[in-house]
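Worksheet: the structure to be examined is printed underneath.
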Amino acid sequence: PPPNPNPPTFRLGSGLVVPLRPSISTTPFRGTTMYASPSVHRLRDQRRFDDLYSVLYTYADFVNGGLPWRKYATGKDKCKETVREIKEGSRSEPALMCELTDLGPEFYEALGRAGEVLE
């Protein structure tokens, strides 16, 4: 199809106008199994919001010295599907990530709400 002469844009607070890239329904897995967000595991197009999950998982790894899905993300037991299931479980049960990072449940509840709005 011919390119859209008026692609959708987004105006930043500074007045800069940037074109929006259309969302892709499914994409190949990109990233590191250990730190990828649950939506990336579901092969959805990666968004800026997914970076928040990656930073959160990295922080939890540093603070705790490991993540609950480490043995499934690396080594001989590697299984992306199992990692995705554990991560999605931590989204619905924020207590798991609270224990790993010492951040309050409000942080994870807000992160979960933001994810629902953006999906």
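In terms of heavy atoms, Arg70 sits closest to Gly65 at NH2-O, 4.3 Å. Scanning all heavy atoms of the two residues, the minimum distance from Ser54 to Ala36 falls at OG-CA, 4.3 Å. The minimum heavy-atom distance linking Val83 with Ala73 is given by the pair CG2-N, 3.8 Å. Here the shortest heavy-atom pairing between Tyr35 and Leu67 reads CE2-CD1, 4.1 Å. Closest of all the heavy-atom pairs between Pro38 and Arg84 is O-CG, 4.4 Å.
At a threshold of 4.5 Å between side-chain heavy atoms, the hydrophobic network of Ile, Leu, Val, Met, Phe, Trp and Tyr places Met34 and Val63 in one connected group.
Rounding to the nearest 0.5 Å gives a distance of 7.5 Å between OG of Ser37 and CZ of Arg42. The OH atom of Tyr72 sits 10.0 Å away from the CD atom of Glu85 when rounded to the nearest 0.5 Å. Within the model, atoms NE2 of His41 and NZ of Lys80 stand 8.0 Å from one another, a figure rounded to the nearest 0.5 Å.
Taking the side chain as every heavy atom from C-beta outward, Asp51 and Gln46 approach each other to under 4.5 Å.
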- Query: Asp45 and Arg30: side-chain contact (heavy atoms from CB on, under 4.5 Å), yes or no, with the steps?
  - Reply: CA-CA 9 Å; Asp45 195 20; Arg30 291 178 295 198; 3.4 Å; yes
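A tilted orientation is assigned to the rings of Tyr57 and Tyr53, their planes being inclined by 30° to 60°.
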